Number of protein chains: 2
Amino acid sequence: MTAFPQTKDTTDKRAALLDATILLTQARGFHAVGIDAIAAEAGVTKKTLYHHFRSKEELILAALRRYDSQFRNRFLRAVETSGETPCQRLISLFDVARADFSATGFNGCLFVKAAGEFRGISPEILRFCTEAKTLVLEAFETLCRDADVREPHILAEQLFIIYEGACAAIHVTGRTDITDNAKAAAMTLMAPYLPAEDVSPA
Amino acid sequence: MTAFPQTKDTTDKRAALLDATILLTQARGFHAVGIDAIAAEAGVTKKTLYHHFRSKEELILAALRRYDSQFRNRFLRAVETSGETPCQRLISLFDVARADFSATGFNGCLFVKAAGEFRGISPEILRFCTEAKTLVLEAFETLCRDADVREPHILAEQLFIIYEGACAAIHVTGRTDITDNAKAAAMTLMAPYLPAEDVSPA
DNA sequence: TGTGAAGGGGACAGATCTGTATACACAGGG
DNA sequence: CCCTGTGTATACAGATCTGTCCCCTTCACA
């Protein structure tokens with residue numbers, strides 16, 4: 001990456017291409033979006049695109065990596081600063097998720113979409129989606145462990161299921177208020193594991 | 001449909017085309033599968049395909065309708081015959097779902113995938129996906145109502161979230177055992193609403 | 001000042017995709 | 001017996017998509 005001297009614009013173009021890929025594939029899917037549209041959205045020519053990435057598949061994989069990194073940085077950081085105690089942070093999980101699910105242009109989880117479009121086509125992309133989601137699940141488990149939950153593995157997976165379910169349900173029904181009910185369900189599931197004072201203000 | 005006399009083969013070809021569409025789009029996505037592949041899988045020529053359907057979009061829409069009808073017939077009928085009391089039937093929801101989620105070739109919910117690929121491209125397909133999922137949610141609510149649940153609307157939506165979450169989570173992680181934990185979560189959520197004797201044998 | 005990487009602009013090849021056209025076969029009903 | 005509906009087989013038009021190539025400019029750095 002830094003083996004050769006590169007101007008400031010170089011990384012800008014690359015990042016613009018990745019952002020354009022994320023934006024367009026989120027809106028219309030991976031196979032429905034062409035290389036030309038991505039290059040145009042990034043304000044770049046195809047030449048530049050193929051200078052940075054060897055193929056569309058490589059571009060998509062890089063975009064998913066960027067998306068994963070951005071998501072975990074933003075989401076988990078927001079959760080970590082959202083409450084004073086581990087229990088409060090755990091509870092605020094779905095408050096943080098609400099912003100994502102209600103964002104304009106939200107069109108379902110990008111990894112779920114990628115897994116659906118590339119199974120049997122690009123094992124590499126499918127594998128990365130699996131890994132990215134596994135890391136999210138593990139982050140949930142760390143939160144549970146910090147909160148001294150009795151069975152962190154089980155509760156984390158249940159919260160993960162609800163997180164994914166809210167994501168898919170809002171995506172396909174368009175009703176963003178589902179997040180409220182998802183949070184309520186999460187609180188019910190957490191209740192047996194947490195001290196009473198953290199759960200009571202439901 | 002029956003306004004003109006038609007041979008037995010006519011509906012066979014049509015159904016074969018719809019089944020091939022469901023099979024291939026489930027495996028590889030909607031935009032990644034071409035008309036030729038669908039016709040070949042159905043053992044039919046393109047001419048026949050375009051005789052029954054005016055466009056790929058119309059074919060996909062018809063396939064989604066067929067899938068929806070098949071799914072509701074099969075899934076809800078299985079649930080309705082799975083227990084003697086409404087409570088038992090409600091609990092067995094995730095036992096019935098387990099078979100679907102563990103089936104070979106399972107690649108996520110077809111409606112979720114369609115919604116992700118056709119938002120901003122085909123409003124008609126997107127709308128049908130929303131309607132189909134809403135009907136599933138309403139079926140859950142009917143089950144809750146039959147079981148004399150206190151707040152059927154809320155519990156049904158929570159079960160729906162878990163159902164969708166298990167579907168997405170298994171799809172992207174490949175771990176079918178997630179269904180067990182989804183059922184456990186569902187039982188926990190149902191517990192406050194149901195008589196103790198139905199919930200205890202967890 | 002010269003070199004070479006990065007990028008613009010655009011043409012192009014080759015593949016694939018949707019949808020149509022042509023020519024023929026076959027079955028059933030008036 | 002002919003007509004219509006349905007089907008096969010295949011070629012084709014037109015669009016689009018991925019990926020390459022050529023020629024030009026700009027700019028950092030040696």
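From a predicted model like this one, the values you see are computed outputs, not experimental measurements.
Rounded to a whole Å, the CZ atom of B:Arg28 is 13 Å from the C1' atom of C:dC17. Put simply, NE2 on A:His31 is 17 Å from C1' on C:dT18, counting in whole angstrom units. Across the protein-nucleic acid pair, A:Tyr50 atom OH and C:dG8 atom P stand 15 Å apart, rounded to whole Å.
Put simply, B:His52 has a side-chain N or O that comes within less than 4.0 Å of OP1 or OP2 on D:dG7.
Closest to the side chain of A:Thr48, from the set C:dT18, C:dG8, D:dT20, is C:dG8. Which of D:dG7, D:dT18, C:dG7 sits closest to the side chain of A:Lys56 comes down to D:dT18. For B:Lys13, taking side-chain heavy atoms from C-beta onward, the closest of the listed nucleotides C:dG7, D:dG7, C:dG19 is D:dG7. When distances run from any side-chain atom of A:Thr45 to the nucleotides D:dT18, D:dG7, C:dG9, the shortest one goes to C:dG9. Closest contact between the side chain of B:Asp36 and the listed nucleotides C:dT18, D:dT18, C:dG8 involves C:dT18.
Within a 6.0 Å radius of CZ in A:Arg77, no more than 12 heavy atoms belonging to other residues, nucleotides or ligands are found.
Taking the nucleotide of DNA chain D with the nearest heavy atom to each of A:Lys47 and A:Ala32, the more 5' of the two is matched to A:Ala32.
Aromatic ring pairs are classed by plane angle as parallel below 30°, tilted from 30° to 60° and perpendicular above 60°; the pair B:His31 and B:Phe118 is tilted. Between B:Tyr163 and B:Phe101, the angle of the ring planes lies from 30° to 60°, which puts this pair in the tilted group.
A side-chain donor from one of A:Asn181 and B:Gln158 sits under 3.5 Å from a side-chain acceptor of the other.
Residue-to-nucleotide contacts include a donor-acceptor pair under 3.5 Å from the side chain of A:Lys46 to the base of D:dG19.
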